Amino acid sequence: MKRWVGGALLLAPLTWLYSCSGSESRSNTAALPLAQVDATNGATISGKVLFTGAAPVMPVIDMSSNPTCERQHGERRAEIVVVNPNHTLRNTFVWIADGLPKARWQAPSAIAHLDQKGCTYQPHVQGIMVGQTLEISNSDPVNHNVHAESRVNAAWNESEPPRAETRLKRFQEQEVLIPVSCSVHPWMRSYVGVVAHPFFAVTGDDGSFSLRGVPPGTYKLEAVHERFGRKQISVTVAPQQSAVVDFTYGS
Ligand SMILES: [Cu+2]
């Protein structure tokens, strides 16, 4: 088992969101062979996203502009930075940014979901594949306005009233990450990573990630966090090998 800790490259702050979002787009992969995850001989790349230093205190969200939202939630803090009790960072998107063999990966038929509930987006960060359906719903009794602030894919901004039909969206190009905001409630913000292959994950309450069935090769593994930006680590895996890669954010 190999282990890489820290030493990652942190790109310039504030520019991370719209920097290069990966190698292949759907438009130029149509003629490539179809690839499949190799569960037998593929490698596993796993690890944690660590956070050092004191966890920043997130502000309480001011929902006073909408009493309905405020009644639903009471006091709620922003999810911009969530440090877990084990000193790891939640809501970090981890993916293979470069190095995969030239191939076309099939999007899963499973539908991904983004809900507007309690005047927040749930989940806060998620990954989907190029071409995969994202169902956007509104569980609230208030009007929301969903704005996909994409730069590579076509952006859109659509109202979603209470009890409206769910919206089904697909993104045709790789783009990491797309901010999704609400024009009505400025505190509402979500991020969707759209990837041309299945090797991505989002850290949860233990800060870990695991990418399975990865073809042997050398990859640029990237972590992306909405506040702390991008970090990249090079990792090489042989067939059936397990590699552990930890990213470190913080002071
Ligand atoms: Cu809203």
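Residue numbers start at 1 and run along the sequence shown. Counting convention: from 1, in listed order, for ligands and their atoms alike. What's counted below: heavy atoms across the whole structure, side chains too, no hydrogens, waters or symmetry copies. Keep in mind that what you see is a predicted model, and the values were worked out from it rather than measured.
Using a 4.5 Å cut-off between side-chain heavy atoms of Ile, Leu, Val, Met, Phe, Trp and Tyr, with links allowed through other members, V192 and V82 fall into different hydrophobic clusters.
Neighbouring protein atoms of the Cu ion (ligand 1) (N, O or S, distance under 2.8 Å, waters ignored): H144 ND1, C182 SG, H185 ND1, M188 SD.
To the nearest 0.5 Å, atom CD of residue E79 and atom CG of residue N91 are 6.0 Å apart.
The backbone N or O of K117 lies less than 3.5 Å from no partner atom in the side chain of D115, so there is not a single donor-acceptor pair.
For H113, the NE2 atom is densely surrounded, since the number of other residues' heavy atoms within 6.0 Å is greater than 12.
In terms of the ring pair (Phe, Tyr, Trp, His ring centres under 6.0 Å) criterion, F209 has no residue partners (sequence neighbours excluded).
For H185 and N66, the side-chain atoms include at least one donor-acceptor pair closer than 3.5 Å.
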